[in-house]
Amino acid sequence: MPSVKVLGQARSSSPGMTRNTCCCSPGAVQRLLPILAWLPNYSMQWLKMDIIAGLSVGLTVVPQALAYAEVAGLPPQYGLYSAFMGCFVYFFLGTSRDMTLGPTAIMSLLVSFYTFHEPAYAVLLAFLSGCIQLIMGFLRLGFLLDFISCPVIKGFTSAAAVTIGFGQIKNLLGLQNIPRQFFLQVYRTFLSIGETRVADAVLGLVCMVLLLVLKLMRDHMPPVHPEMPPGVRLSHGLVWAATTARNALVVSFAALVAYSFEVTGCQPFVLTGETAEGLPPVRTPPFSVTTANGTISFTEMVQDMGAGLAVVPLMGLLESIAVAKAFASQNNYRVDANQELLAIGLTNVLGSLVSSYPVTGSFGRAGGRCPPGSPGSCVPTDGSAGALVLLSLNYLTSQFYYIPKAALAAVIIMAVAPLFDTKIFWTLWRVKRLDLLPLCVTFLLCFWEVQYGILAGALVSVLILLHAVARPGTQVSEGPVIVLQPASGLHFPAVEALREAIVSRALEASPPRCLVLECTHVCSIDYTVVLGLGELLQDFHKQGVSLVFVGLQVPVLRVLLSADLKGFQYFSTLEEAEKYLGQEPGTQPYNICEDSVPELKAALLEA
């Protein structure tokens with residue numbers, strides 16, 4: 001009897017690794033608190049550069065936070081309330097060296113959709129989103145993000161970029177009484193274009209140009225080399241700090257211009273206005289709201305937020321993981337999606353105690369965290385950035401009055417412009433045109449309702465995936481016998497397609513022909529497939545021809561042997577199958593009875 005070739009799954013374990021690992025082991029504690037892994041190796045020589053990076057990030061965060069509060073439809077101080085808690089929490093729990101947490105353009109847009117521009121709703125949404133993210137982290141549900149495809153993400157972020165960017169046109173042009181609903185906003189903006197305030201428009205465009213120039217300078221800075229003279233390295237660091245803190249520089253410039261006009265008694269700009277002074281009080285999230293019409297209970301608030309309780313936590317995690325993985329790939333380290341869930345969830349829960357709305361990670365802040373050539377982990381930059389936000393809240397809020405809204409609009413537009421990825425359409429057209437369908441569905445429906453766009457895009461992606469499962473590709477070789485090779489796994493939706501392919505090529509031929517089912521790529525089958533294969537074996541037997549199997553992996557072979565299919569024949573190689581079907585003497589098929597093949601039975605039991 002020829003020997004049986006069994007393709008088992010490799011199982012290996014590291015020396016000394018036990019099956020049961022204590023949850024209180026040093027490794028488990030380090031996974032829960034990543035700071036314990038890098039802090040012992042942190043060098044005080046890195047501290048200076050990390051503090052400089054943190055101050056630069058803080059100067060980026062403060063004007064962005066004020067601007068994103070406008071996107072969320074909240075008073076400007078709520079942007080600052082949301083900007084510091086993530087810095088301190090992520091310091092201990094985060095697994096990315098290049099990211100911090102805070103308000104972002106996309107998250108602010110989602111908050112505006114689901115909180116009706118009411119701070120109480122926004123703070124409660126942060127608390128509930130954080131609780132959901134914490135539960136997902138403890139249950140290790142980070143894998144759920146794998147079901148949202150890249151075209152859906154690109155469609156959503158591109159639509160968000162258009163929505164946010166166009167929403168700032170009114171502030172850029174100094175227009176008043178423009179609604180927030182996107183289509184009405186477009187209509188009223190074009191209708192009111194004749195009411196443009198020239199001063200705001202000029203200032204806004206100047207700010208955009210300055211931001212663009214500073215960004216290009218940052219992107220084209222040459223790397224620092226140790227052999228550079230100290231003076232050159234110092235100037236390089238100063239230019240890096242200035243271009244990284246470009247938002248703060250441009251906003252300060254605009255505020256100084258506005259203040260100069262205020263002193264003269266003529267104010268041509270629309271200003272941000274009063275911002276609540278001081279640090280936010282520490283208090284529990286509002287579980288009810290009292291209005292002129294009565295008290296809105298917690299249950300009613302949850303019902304009002306509706307789909308936001310699912311969309312906001314998932315999209316917050318998705319945006320943060322996308323940023324973290326992008327920088328991890330660039331800088332050769334790994335991030336833990338489940339640990340990121342815990343970090344974001346705890347940030348939102350604790351943030352809700354200081355009146356924060358939901359936060360996540362973003363490219364805008366992450367890109368400025370580490371100076372070029374910094375040897376450190378850059379995690380300590382979070383502390384100095386958070387401290388700068390707190391100092392701004394305590395001492396600088398009165399100065400925010402003079403910031404023109406046109407300058408903040410320029411900051412937002414320049415921040416969201418890179419989110420609109422024009423290249424993705426051409427890339428998908430070249431790579432796989434079918435992926436344009438979920439992208440376009442998501443992009444278009446997000447202008448109507450964000451949750452509908454995301455759900456519809458995800459549904460289309462799942463349908464495309466299911467179609468591939470139900471109609472797997474097959475390779476057919478014509479020779480002395482027909483060889484049909486499924487290109488992927490076999491599951492119950494694919495039974496009819498497989499049957500049709502086999503019957504049309506073998507049984508409906510004149511005369512009927514033998515067929516080899518080459519199953520090298522089939523790693524699993526289900527009961528419905530087994531039934532379908534049994535019916536095919538019977539049909540082949542009635543026609544007086546053979547259906548045989550080649551390249552079965554151990555799990556699949558075990559299932560087919562357990563089913564005890566009548567007429568089941570398996571060969572280890574295609575050559576042996578062709579010899580048998582060619583009726584060449586001396587070649588025997590493998591017996592389908594497991595007990596009669598002791599070698600096969602032992603191999604299967606061992607696997």
Side-chain angles (χ1 to χ4, degrees), residues 21-40 82-104 106-107 110-111 123-148 282 284-285 308-329 333-354 356-363 365-366 369 377-383 385-386:
T21 303
C22 177
C23 62
C24 297
S25 65
V29 175
Q30 286 186 359
R31 284 194 297 271
L32 188 61
L33 291 172
I35 187 175
L36 299 178
W38 60 261
L39 189 59
S82 307
F84 64 86
M85 184 60 73
C87 296
F88 300 117
V89 173
Y90 204 78
F91 180 92
F92 294 96
L93 298 180
T95 59
S96 172
R97 301 199 302 259
D98 302 282
M99 188 183 71
T100 188
L101 303 179
T104 65
I106 290 179
M107 186 54 64
L110 292 176
V111 169
V123 175
L124 181 60
L125 181 59
F127 175 77
L128 296 177
S129 297
C131 290
I132 293 172
Q133 289 165 335
L134 281 175
I135 293 172
M136 292 177 64
F138 284 121
L139 295 178
R140 306 192 69 80
L141 298 179
F143 71 91
L144 292 177
L145 297 180
D146 298 336
F147 291 95
I148 302 180
V282 179
T284 58
L309 293 175
V311 174
V312 169
L314 285 177
M315 294 311 300
L317 175 63
L318 189 64
E319 183 178 5
S320 185
I321 292 297
V323 174
K325 286 188 175 181
F327 281 103
S329 175
Y333 63 90
R334 296 182 64 82
V335 295
D336 184 345
N338 294 301
Q339 182 65 25
E340 292 297 306
L341 266 171
L342 296 177
I344 299 171
L346 188 60
T347 296
N348 280 321
V349 170
L350 296 180
S352 68
L353 303 180
V354 290
S356 165
Y357 66 80
V359 301
T360 183
S362 81
F363 281 105
R365 282 187 302 277
R369 294 196 61 215
S377 68
C378 288
V379 177
T381 62
D382 293 341

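Source: prediction; values computed, not measured.
- Contact of the Leu125 side chain with the Leu309 side chain is registered, since non-hydrogen atoms from C-beta on lie closer than 4.5 Å.
- Residues satisfying the side chain to side chain contact (heavy atoms under 4.5 Å, CB included) criterion with Leu350, sequence neighbours excluded, are Met85, Val89, Leu346, Leu353.
- Contact record, Gly308 with Pro313: O-CD, 3.5 Å, taken as the closest heavy-atom pair.
- No side-chain donor-acceptor contact under 3.5 Å links Ser320 to the backbone of Thr360.
- Contact record, Ala343 with Tyr90: CB-CD1, 4.0 Å, taken as the closest heavy-atom pair.
- Here Leu341 contributes atom CG and Ile132 contributes atom CD1; the two are 11.5 Å apart, rounded to the nearest 0.5 Å.
- Considering Leu93, Leu101, Leu342 as possible partners of Thr347, the one that fulfils the side-chain contact (heavy atoms from CB on, under 4.5 Å) test is Leu101.
- Glu340 places a side-chain N or O within 3.5 Å of a backbone atom of Thr95 that can act as its donor or acceptor partner.
- The two residues Gln133 and Asn348 make their nearest non-hydrogen contact at OE1-ND2, 2.9 Å.
- With sequence neighbours excluded, the residues satisfying side chain to side chain contact (heavy atoms under 4.5 Å, CB included) with Val349 are Phe127, Cys131, Leu134.
- Considering all non-hydrogen atoms of both residues, Met315 and Met107 come closest at C-CE, 4.3 Å.
- Between Val123 and the options Ser356, Pro285, Ser82, a side-chain contact (heavy atoms from CB on, under 4.5 Å) holds for only Pro285.
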Listed pairs under 3.5 Å, donor-acceptor, residues 138-145 side chains, sequence neighbours left out:
none

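- Residue Val312 comes nearest to Ser129 through the heavy atom pair CG1-OG, 3.5 Å, listed as atom of the first residue, atom of the second, then distance.
- For the pair Thr104/Val359, no side-chain contact is recorded, criterion being any heavy-atom separation below 4.5 Å from C-beta on.
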